[in-house]
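Beneath this line is the structure, given in structure tokens, with notes to follow.
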Amino acid sequence: MLLPAAGYEALEMTLRLSFAATGMALLLAGAANAQAPAAPNKNPAAVEAGTFQVEPIHTRVLFKVSHLGFSYWYGDFAGVSGTLVLDPKHPAAAKLDVSLPVASVSSVNSKLDDELKGADWLDTAQFPTATFVSRKVTPSSTGHADVLGDLTLHGVTKPLVLHVTFNGSGINPMDKAYTTGFEAHGTIKRSAFGVSKYVPLVGDDVELIISGAFERAPSQ
């Protein structure tokens, strides 16, 4: 049976829509059947033991300091490097040794960043690196520990306690590396490290908030 031109156009459009709908259905079915990445394991006892390297892209050291008592100023450091030795069966034996380039300081204000790098503040030309080396790990509860270590900043070494929370561990779905992550909090007095510019107008107490990602060494 012959159809008028308009009929053929309508039939062609119907077939196109049918094929498009079928393709979309297959695509959605494939997406539904695709295996989603496993969520990180929140059980600290399940962490695989080994030596881990800092994953620098997703490790940040944030600082918070009072500004004139009216507000808080925030900034951070990047480019952290170092190692974590960890065995969930012996958490108190964990070892952490990290360093960061102090000139990476960023406050989203380039003028202030240049000032902070200068001799009146962090003096990054003379003291380019800050380090933290753990001395004692004391588990406080499941997934939590206090880490006592030596912080070296501005050429001065002082003890610092970091209150650490375990975030999770597992395979990173992006780079496929076995990864474990933590968040840590601690407070220092900057004047104790020889950085006393504008104290007390700009706060002496500096709160540190550290988000750390660690990847297990490839050879393990």
Any donor-acceptor pair under 3.5 Å from Lys42 side chain to Asn167 backbone: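 Present.
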Okay, side chain of His154, backbone of Trp121: is any donor-acceptor separation there less than 3.5 Å?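 Such a contact is found between His154 side chain and Trp121 backbone.
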Using every non-hydrogen atom in the two residues, find where [X] and [Y] come nearest and quote the distance to one decimal.
X: His58; Y: Ala213; result: O-CB, 4.0 Å
X: Pro56; Y: Val80; result: CB-O, 3.4 Å
X: Leu162; Y: Ala184; result: CB-CB, 4.3 Å
X: Ser140; Y: Ala145; result: OG-N, 3.7 Å
X: Leu116; Y: Phe63; result: CD1-CZ, 4.5 Å
X: Val47; Y: Tyr178; result: CA-OH, 3.5 Å

Determine whether more than 12 heavy atoms belonging to other residues, nucleotides or ligands lie under 6.0 Å from atom CG of Leu68.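 Enclosed: over 12 neighbouring heavy atoms sit under 6.0 Å from CG of Leu68.
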When you compare the side chains of [X] and [Y], does any donor N or O come within less than 3.5 Å of an acceptor on the partner?
X: Thr152; Y: Thr157; result: yes
X: Asn41; Y: Ser169; result: no
X: Asp204; Y: Ser191; result: yes

Phe182 vs Phe214 aromatic rings, parallel, tilted or perpendicular, using cut-offs 30° and 60°? perpendicular
Can you tell me how far apart [atom1] ([X]) and [atom2] ([Y]) are? Round to the nearest 0.5 Å.
X: Leu84; Y: Ser134; atom1: CG; atom2: OG; value: 8.5 Å
X: Lys197; Y: Leu122; atom1: NZ; atom2: CG; value: 13.0 Å
X: Arg60; Y: Glu183; atom1: CZ; atom2: CD; value: 14.0 Å
X: Tyr74; Y: Leu62; atom1: OH; atom2: CG; value: 7.5 Å
X: Leu112; Y: Lys117; atom1: CG; atom2: NZ; value: 10.5 Å
X: Thr59; Y: Gln53; atom1: OG1; atom2: CD; value: 11.5 Å

Same cluster for Val54 and Ile171 if Ile/Leu/Val/Met/Phe/Trp/Tyr side chains link at under 4.5 Å? yes
Is Leu100 linked to Val156 within one hydrophobic cluster, defined over Ile, Leu, Val, Met, Phe, Trp and Tyr using a side-chain heavy-atom separation of less than 4.5 Å? yes
CA sep, side-chain torsions, deciding dist, call: Trp73, Val202, side-chain contact (heavy atoms from CB on, under 4.5 Å): CA-CA 9 Å; Trp73 196 271; Val202 176; over 6 Å; no
Checking Phe132 against Leu96 for the side-chain contact (heavy atoms from CB on, under 4.5 Å) test, could you report, in this order, the C-alpha distance in whole Å, the side-chain angles of both residues, the deciding distance, and whether it holds? CA-CA 8 Å; Phe132 179 82; Leu96 177 65; 4.0 Å; yes
Indicate yes or no: at least one non-hydrogen side-chain atom of [X] is less than 4.5 angstrom from one of [Y].
X: Val102; Y: Phe127; answer: no
X: Leu153; Y: Ile188; answer: yes
X: Pro91; Y: Val137; answer: no
X: Glu207; Y: His185; answer: yes

Less than 4.0 angstrom from a charged side-chain N to a carboxylate O is my criterion; do Lys158 and Asp150 meet it? no
Take Thr179 and Arg216 through the side-chain contact (heavy atoms from CB on, under 4.5 Å) test and state the conclusion after the steps. CA-CA 6 Å; Thr179 304; Arg216 193 169 54 187; over 6 Å; no
Start with the C-alpha gap between Leu208 and Leu160, add the side-chain angles, then the distance that decides, and say whether side-chain contact (heavy atoms from CB on, under 4.5 Å) holds. CA-CA 11 Å; Leu208 302 174; Leu160 169 65; 4.2 Å; yes
